[in-house]
Amino acid sequence: METRHEDIKSFKDLINEVQNKGICGKCGGCVAFCSAGELNALGLDRDGTPVFVDEERCLKCGICYLICPQIKALNHELKQKFGWKPPIGIYRSIASARATSRAIRKVATDGGVVTALLTYALKKHLIQGAVVLKKIGAFSRQPVIATNPSELIDAAGSHYEESLHLDEVGRKYTTFAPTVREVRNLKARNFERMAIVGTPCQIYTIRKMQLLSVVPADSVSLTIGLFCMENFSFSAKAKTKIERKLKIKIRDIEKINIKDDVILRTEQGATIHLPFSAVDGIARPACLVCPDFANDFADISCGGLGSPDGYTTAVIRTGLGEKIYNGARQARVIEELRGKSKEETKIRRSEAMAKIVSFTRRKKERARQGLERIAHA
Ligand SMILES: Cc1cc2nc3c(=O)[nH]c(=O)nc-3n(C[C@H](O)[C@H](O)[C@H](O)COP(=O)(O)OP(=O)(O)OC[C@H]3O[C@@H](n4cnc5c(N)ncnc54)[C@H](O)[C@@H]3O)c2cc1C
Ligand code: SF4
Ligand code: SF4
Ligand code: SF4
């Protein structure tokens with residue numbers, strides 16, 4: 001059946017179905033890739049929420065609607081394209097690994113596999129660079145296009161964003177960074193083979209853009225996905241409350257990691273483990289309805305879950321992912337953690353996969369309940 005122009009959903013529907021339900025993740029994708037971008041149809045308000053600047057300029061093309069991570073209208077097509085299988089999508093292998101470079105491991109969140117794979121792919125000219133997050137101040141990070149190994153290493157680790165300053169009333173502190181917006185800048189620089197590192201919602205948007213041939217998503221040839229249970233967002237008032245409860249200053253947090261629970265490491269060397277229930281209240285509403293933990297559509301998905309400290313769990317999904325992962329391993333850019341026997345290695349890998357599947361189920365169930373609550377509100 002032919003789609004009539006009046007049936008195409010547009011930004012107005014995003015307002016109804018996403019913003020008004022309180023589940024906009026403020027990724028900025030709808031604004032960055034609006035077909036009427038040059039006409040300034042959309043913009044971001046002071047707290048990062050997308051708004052109509054001039055509704056008359058909207059072309060009603062439906063792109064913003066379809067690429068929004070909260071809209072599942074293209075799920076069927078995407079799953080077909082990737083041969084998705086339950087419960088976590090396709091994959092060829094799983095391993096615990098780490099970078100052989102001490103310089104990378106020193107700054108990485110887990111084993112530095114993400115950064116090591118990117119540096120390997122860059123050196124082999126498999127990519128021209130990667131969209132990652134750059135440190136621009138003690139707590140400020142911004143998405144950037146890194147085109148050399150030192151820029152990639154600068155971007156290693158977990159990042160929090162304070163571009164929305166806490167001291168301004170009503171603004172929020174967030175651990176989410178708007179990586180997808182940076183993809184727009186690939187076009188001006190004529191890149192053809194780029195990588196992107198992102199959370200499942202970000203990779204999902206990139207994959208939908210590729211499905212719809214939205215330029216310049218075709219320049220993204222390698223996607224490295226991060227596992228993701230949730231991101232946090234809180235006000236200055238909540239920050240004070242958290243600091244009192246945890247007896248630490250947020251600015252002293254050097255590293256935040258999520259594995260079986262939330263792990264905070266302070267500059268003073270303390271490690272604090274928090275159960276998910278302790279931080280549920282500051283999880284972003286968008287995250288509470290998000291079903292993807294293992295970054296199902298990435299070429300390689302990486303997380304700390306399932307590996308001991310200092311190692312990254314890598315789920316190698318596609319042929320390209322396998323080529324880069326195996327190449328990096330053979331070139332000794334990464335090294336795998338192996339058991340004393342083949343059998344032990346196999347058991348460890350099965351245990352890691354079981355954890356990923358269990359977190360995936362937990363996250364899907366949380367999303368189901370969250371959506372149900374919204375539907376009955
Ligand atoms: C917000 C967030 C939530 C996570 N949740 C979980 C979880 O629940 N369970 C789990 O096992 N693992 C989770 N991870 C993944 C884990 O923290 C590590 O990033 C992963 O294991 C890779 O470690 P590494 O040492 O190999 O990466 P590194 O070599 O340190 O490289 C990390 C890369 O990720 C990029 N990056 C950092 N922060 C962000 C961000 N906010 N958005 C996009 N890109 C970013 C960096 O620029 C860098 O390129 C999460 C990561 C993030 C960023
Ligand atoms: S022009 Fe297209 S992408 Fe832009 S707001 Fe309208 S429907 Fe959305
Ligand atoms: S989640 Fe992202 S794409 Fe969807 S409405 Fe919010 S900012 Fe736009
Ligand atoms: S939980 Fe989902 S929406 Fe939230 S940052 Fe992670 S992938 Fe994105």
Side-chain angles (χ1 to χ4, degrees), residues 5-45 47-73 158-161 174-181 183-184 197-209 212 214-215 225-233 256 258 262 276 279-280 282-298 301 303 359-360 362-364 366-367 370:
H5 195 249
E6 55 271 34
D7 292 337
I8 294 174
K9 294 205 174 186
S10 68
F11 188 69
K12 238 181 170 168
D13 300 281
L14 270 190
I15 296 177
N16 285 335
E17 295 176 36
V18 177
Q19 290 189 17
N20 290 350
K21 290 182 179 168
I23 55 169
C24 168
K26 298 181 187 173
C27 68
C30 51
V31 179
F33 300 102
C34 169
S35 310
E38 279 167 21
L39 303 172
N40 279 334
L42 302 182
L44 293 174
D45 74 4
D47 79 348
T49 303
V51 288
F52 264 129
V53 173
D54 186 344
E55 196 173 338
E56 291 297 305
R57 294 179 190 157
C58 169
L59 307 169
K60 302 205 170 39
C61 67
I63 293 295
C64 56
Y65 181 84
L66 291 171
I67 67 170
C68 170
Q70 299 296 29
I71 298 296
K72 310 298 174 197
S158 307
H159 296 158
Y160 329 90
E161 207 208 36
T174 177
T175 56
F176 181 81
T179 302
V180 165
R181 272 195 254 159
V183 171
R184 187 178 43 179
V197 180
T199 52
C201 55
Q202 292 166 338
I203 301 299
Y204 184 57
T205 289
I206 296 295
R207 291 309 199 196
K208 292 204 283 183
M209 285 168 62
L212 295 165
V214 176
V215 175
L226 305 171
F227 298 172
C228 185
M229 198 60 192
E230 60 206 13
N231 260 271
F232 307 109
S233 165
I256 178 166
I258 310 181
V262 180
F276 285 111
V279 288
D280 261 2
I282 56 164
R284 297 180 330 142
C287 300
L288 298 176
V289 296
C290 164
D292 185 357
F293 171 75
N295 227 314
D296 293 9
F297 299 108
S301 303
F359 268 65
T360 297
R362 202 198 292 185
K363 197 172 173 195
K364 281 196 194 315
R366 184 180 71 180

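Basis for what follows: all heavy atoms, side chains included, without hydrogens, waters or symmetry-related copies. What you see is a predicted model; the values in this text were computed from it and never measured. Atoms within each ligand, like the ligands themselves, are counted from 1 in listed order.
- Without hydrogens or angle criteria, K363 side chain to C228 main chain gives a donor-acceptor distance under 3.5 Å.
- With respect to atom 1 (S) of ligand 4, the closest heavy atom belonging to the protein is K363 NZ, 3.2 Å.
- No side-chain donor-acceptor contact under 3.5 Å links R57 to the backbone of F52.
- Of all protein heavy atoms, the one lying nearest to atom 4 (Fe) of ligand 2 is C34 SG, 2.3 Å.
- Applying the 4.0 Å criterion to heavy atoms of G62 picks out, from ligand 2, the atoms 2 (Fe), 7 (S).
- Here is the list of ligand 2 atoms found below 4.0 Å of a heavy atom in F11: 5 (S).
- Taking both residues in full, the closest heavy atoms of F11 and C30 are given as CE1-SG, 4.1 Å, listed atom of the first, atom of the second, then distance.
- Residue, atom and distance of the protein heavy atom nearest to atom 7 (S) of ligand 3 are G28 N, 3.3 Å.
- Using a 4.5 Å heavy-atom threshold, the side chains of S233 and F176 count as separate.
- Shown here for G43 and V53, the closest heavy-atom pair between the two residues is N-CG2, 3.4 Å.
- The shortest contact between atom 2 (Fe) of ligand 2 and any protein heavy atom is with C61 SG, 2.3 Å.
- No side-chain donor from either of T205 and Q202 sits under 3.5 Å from a side-chain acceptor of the other.
- For atom 8 (Fe) of ligand 4, protein N/O/S neighbours under 2.8 Å (waters excluded) are C201 SG.
- Across K72 and P291, no two heavy atoms sit closer than the pair NZ-CD, 4.1 Å.
- Across V215 and F33, no two heavy atoms sit closer than the pair O-CD2, 4.2 Å.
- Atom 6 (Fe) of ligand 2 has its closest protein heavy atom at C58 SG, 2.4 Å.
- The backbone of K60, and not its side chain, has at least one atom closer than 4.0 Å to an atom of ligand 2 (non-hydrogen atoms only; backbone = N, CA, C, O).
- Within ligand 2, counting atoms from 1 as listed, the ones closer than 4.0 Å to a heavy atom of C64 are 3 (S), 5 (S), 7 (S), 8 (Fe).
- Taking every heavy atom of both residues into account, T360 and A294 meet most closely at OG1-CB, 4.2 Å.
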**Asked** After noting the C-alpha distance and the side-chain angles of K21 and Q70, does the key distance pass the side-chain contact (heavy atoms from CB on, under 4.5 Å) rule?
**Response** CA-CA 11 Å; K21 290 182 179 168; Q70 299 296 29; over 6 Å; no

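- Between the side chain of K60 and the backbone N or O of I8, no donor-acceptor pair lies under 3.5 Å.
- Atoms of ligand 4 found under 4.0 Å from any heavy atom of M229 (numbered from 1 in listed order, with element): 1 (S).
- Near P50, the atoms of ligand 3 lying under 4.0 angstrom from a non-hydrogen atom of the residue are 7 (S), 8 (Fe).
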**Prompt:** Passes side-chain contact (heavy atoms from CB on, under 4.5 Å), K26 versus T49? Steps please.
**Reply:** CA-CA 6 Å; K26 298 181 187 173; T49 303; 3.3 Å; yes

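- Of the candidates I23, L14, I15, the one placing a heavy atom closest to atom 5 (S) of ligand 3 is L14.
- Less than 4.0 angstrom separates some heavy atom of S35 from each of these atoms of ligand 2: 3 (S), 4 (Fe).
- Separating the CG atom in L59 from the SG atom in C34 is a distance of 7.0 Å, to the nearest 0.5 Å.
- With F359 as the aromatic partner, R362 meets the cation-pi criteria of under 6.0 angstrom to the ring centre and within 45 degrees of the ring axis.
- If you look at Q19 next to ligand 3, there are no close heavy atoms at all, none under 4.0 Å.
- For ligand 2, the atoms lying closer than 4.0 Å to a non-hydrogen atom of L42 are 5 (S).
- From the protein, the heavy atom lying nearest to atom 8 (Fe) of ligand 3 is C30 SG, 2.3 Å.
- Near K26, with a cut-off below 4.0 Å to any heavy atom, the atoms of ligand 3 are 6 (Fe), 7 (S).
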